[in-house]
Every structure is written in structure tokens, then in C-alpha cells.
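Report on one structure; see the data block that follows.
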Amino acid sequence: MKKILILALGLFATGLTANAQSTDNLIKFGVKGGASFSNIIKDDGNNDFKTDYLVGFNAGVTLDIKLLENLAFTPELLYSTKGYKAETLGGSFKQTTHFIDVPILATIKLAPGFNLVAGPQVSFLMSTKNKFENGIIASEQEIIEDESDRFKKSILAGVIGTRIDLSDKVGIFGRYALDFQKTNENGERNTPEFKNQVFQVGLGLKF
């Protein structure tokens with residue numbers, strides 16, 4: 001996992017250098033951030049409880065590499081929170097997971113200022129925080145995933161969405177990401193077998 005993260009950081013460092021040297025705006029560096037609305041799709045296991053969306057955030061850096069007039073290669077490096085909320089007979093439960101996401105996207109210009117983005121994403125799980133409340137007691141548990149084998153450390157997902165360029169430097173985005181792999185193979189009531197799904201909206205700046 002560390003080698004892949006180093007490779008991703010190297011890609012962005014190379015892009016920054018190319019961006020500084022570019023005279024025709026073929027490569028643009030940017031930053032972005034916004035809100036995330038996440039939930040899970042449950043699979044097999046002891047999953048007889050309802051879940052709801054959890055509000056979090058996403059933020060990171062992006063490269064926009066122009067390939068054709070209406071096509072660009074857009075890799076990103078994001079810090080993102082995911083998870084879900086659940087109401088049980090014993091009280092309310094909230095699980096927040098912290099990921100490093102590396103989307104490898106194609107950006108297709110469908111109309112002036114309006115773009116479709118789609119592609120694969122690799123997500124690296126950093127930590128998990130569980131919180132339980134029942135009106136009388138509240139407890140929290142934080143798990144650093146390098147010290148645990150409960151969840152997969154890297155997960156393949158798919159991303160699809162849109163980006164609206166308000167100018168050559170400012171844009172807004174909305175997207176949906178769905179894991180292709182289950183996070184946990186051994187379902188329990190607090191850690192069921194599930195796939196993450198997340199809706200993200202936000203603002204991006206290009207330099």
C-alpha cells in the first residue's frame with residue numbers, strides 16, 4: 001500500500017513540474033473539496049438492521065491532462081470520510097471510515113463548461129471510528145487499520161459524475177462512487193459484510 005501511495009504522490013509531483021513548464025495549458029493542477037454523503041450496501045451475514053446516510057467530507061488535489069479537444073485524463077488524490085449510521089434496539093451507532101482515494105478518471109466535455117467524469121478508483125483504508133449512544137452512555141472506539149486485519153486495506157471502486165466549469169479556474173462537481181469489493185468478509189452486527197457507496201459534491205480550483 002505504501003508503494004502505491006508513493007507512486008501516486010510521484011505522479012502528482014511530476015504533474016506539478018509539467019504544469020509549471022507548460023505554456024499551452026495542456027496540464028492543469030488543482031485542489032478540490034466538499035461534502036460526502038455515504039452509506040453501505042449490505043451483503044451476506046448478520047445484517048438485519050437499517051442504515052442511513054452519514055455526512056462527511058472529501059478534499060485533495062487533482063491533475064487535468066488534456067489528451068484531445070474534448071477528452072482529458074484526470075487522476076486525483078483525495079482524503080475522504082465514509083461510513084453509515086444505524087438505529088438499533090440498544091441505541092444509535094455510527095461508523096466513520098477514513099480513506100485515501102485515488103480516482104483515475106476520464107473527463108469528457110459534452111458541452112461548453114459541462115463534463116462527464118468516469119473511471120476506476122482505488123481506496124486505501126486508514127482508520128475506523130465507531131460511536132455508540134443510547135441516551136445514558138456513549139462510547140467510542142478508534143481503530144488504526146495497520147494494526148487490524150478486520151477490513152480490507154485497499155478496495156477497488158468505480159466513479160461516475162459531472163463537473164461544471166464556471167470559468168477556466170473554478171468548477172463545481174457531483175459524483176457517485178461504489179465499491180466493487182466488500183469491505184469485510186466476516187459479517188458481524190457491528191461490522192457487517194458491505195460495500196461503501198458515497199455521493200460527493202464540492203468545489204474545485206485550477207491553477
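These numbers were taken from a predicted model, which means no experiment stands behind them.
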Practice task
Not counting sequence neighbours, list each pair that qualifies as a salt bridge (charged side-chain N to carboxylate O under 4.0 Å, His left out) and has a residue in residues 131-140.
Solution key: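 Every pair satisfying salt bridge (charged side-chain N to carboxylate O under 4.0 Å, His left out) with a residue in residues 131-140: K131-E140.
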
Exercise for the section: Just jot down the salt bridge (charged side-chain N to carboxylate O under 4.0 Å, His left out) partners of D101, sequence neighbours excluded, or say none. Expected result: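 If we apply the salt bridge (charged side-chain N to carboxylate O under 4.0 Å, His left out) test to D101, skipping adjacent residues, the hits are K82.
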
Handout entry: Sequence-distant partners of K85, salt bridge (charged side-chain N to carboxylate O under 4.0 Å, His left out), two or more places apart
Key =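 K85: no salt bridge (charged side-chain N to carboxylate O under 4.0 Å, His left out) contacts found.
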
Taking the side chain as C-beta and beyond, is there a heavy-atom pair between [X] and [Y] under 4.5 Å?
{"X": "I100", "Y": "L77", "result": "yes"}
{"X": "V102", "Y": "F124", "result": "yes"}
{"X": "T97", "Y": "L125", "result": "yes"}

Considering only distance and modelled atom types, tabulate donor-acceptor pairs under 3.5 Å from the side chains of residues 155-165, sequence neighbours left out.
unit_1 : atom_1 : unit_2 : atom_2 : d
R163   : NE     : D165   : OD1    : 2.9
R163   : NH2    : D165   : OD2    : 3.3
D165   : OD2    : N115   : ND2    : 3.0

Problem - By side-chain hydrogen bond (donor to acceptor under 3.5 Å, both in side chains) - contacts of Y53 (at least two apart) - result: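 Expected list: none.
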
Problem - side chain to side chain contact (heavy atoms under 4.5 Å, CB included) assessment of F73 paired with L63 - result: CA-CA 8 Å; F73 171 55; L63 290 178; over 6 Å; no

Handout entry: Main-chain N/O of G83 paired to S38 side chain as donor or acceptor, under 3.5 Å
Key =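 A pair under 3.5 Å: yes.
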
Practice task
Without swapping roles, check the side chain of D52 against the backbone of A86 for a donor-acceptor pair under 3.5 Å.
Solution key: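 No: the side chain of D52 does not pair with the backbone of A86.
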
What pairs of donor and acceptor atoms, side-chain ones from residues 199-207 against any protein atom, are under 3.5 angstrom apart with sequence neighbours left out?
unit_1 : atom_1 : unit_2 : atom_2 : d
Q200   : NE2    : S80    : OG     : 3.4

Could you see if [X] belongs to whatever hydrophobic cluster contains [Y]? Use Ile, Leu, Val, Met, Phe, Trp, Tyr and a side-chain cutoff under 4.5 Å.
{"X": "V31", "Y": "V170", "answer": "yes"}
{"X": "V198", "Y": "M126", "answer": "no"}
{"X": "Y176", "Y": "F37", "answer": "yes"}
{"X": "L166", "Y": "V117", "answer": "no"}

Handout entry: Derivation of the side chain to side chain contact (heavy atoms under 4.5 Å, CB included) call for L78 and V61
Key = CA-CA 6 Å; L78 306 174; V61 295; over 6 Å; no

Practice task
Could you check whether the rings of Y79 and F57 sit parallel, tilted or perpendicular, using 30° and 60° as the cut-offs?
Solution key: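 Because their plane-to-plane angle is under 30°, the rings of Y79 and F57 count as parallel.
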
Practice task
Give the intermediate values and the outcome of side chain to side chain contact (heavy atoms under 4.5 Å, CB included) for residues I40 and N196.
Solution key: CA-CA 5 Å; I40 59 173; N196 289 300; 4.0 Å; yes

Problem - Residue pairs involving residues 104-114 (criterion side chain to side chain donor-acceptor pair (under 3.5 Å); sequence neighbours excluded) - result: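 Applying side chain to side chain donor-acceptor pair (under 3.5 Å) to every pair that reaches into residues 104-114, excluding sequence neighbours, yields T74-T107.
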
Quick one: pull up [atom1] in [X] and [atom2] in [Y] and give me the separation to the nearest 0.5 Å.
{"X": "I41", "Y": "Q197", "atom1": "CD1", "atom2": "CD", "value": "4.0 Å"}
{"X": "S123", "Y": "F180", "atom1": "OG", "atom2": "CZ", "value": "10.5 Å"}
{"X": "N58", "Y": "E76", "atom1": "CG", "atom2": "CD", "value": "9.0 Å"}
{"X": "Y84", "Y": "K50", "atom1": "OH", "atom2": "NZ", "value": "16.0 Å"}

Exercise for the section: Say whether Q95 and N130, considering side chains only, have a donor N or O and an acceptor N or O under 3.5 Å apart. Expected result: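 There is such a pair (donor and acceptor under 3.5 Å, judged by atom type) between the side chains of Q95 and N130.
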
Practice task
Report yes or no: is the cationic atom of K32 (NZ for Lys, CZ for Arg) closer than 6.0 Å to the six-membered ring centre of F173, at no more than 45° off its axis?
Solution key: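 Output yes; distance and angle both within limits.
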
Exercise for the section: Report the residues that fulfil side chain to side chain contact (heavy atoms under 4.5 Å, CB included) with L68, sequence neighbours left out, ordered by chain and then residue number. Expected result: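 For L68, the residues satisfying side chain to side chain contact (heavy atoms under 4.5 Å, CB included) (neighbours in sequence not counted) are L71.
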
Practice task
Mind checking side chain to side chain contact (heavy atoms under 4.5 Å, CB included) for S139 and listing every partner two or more places apart, or none if nothing turns up?
Solution key: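 With neighbours one apart ignored, the set is F132.
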
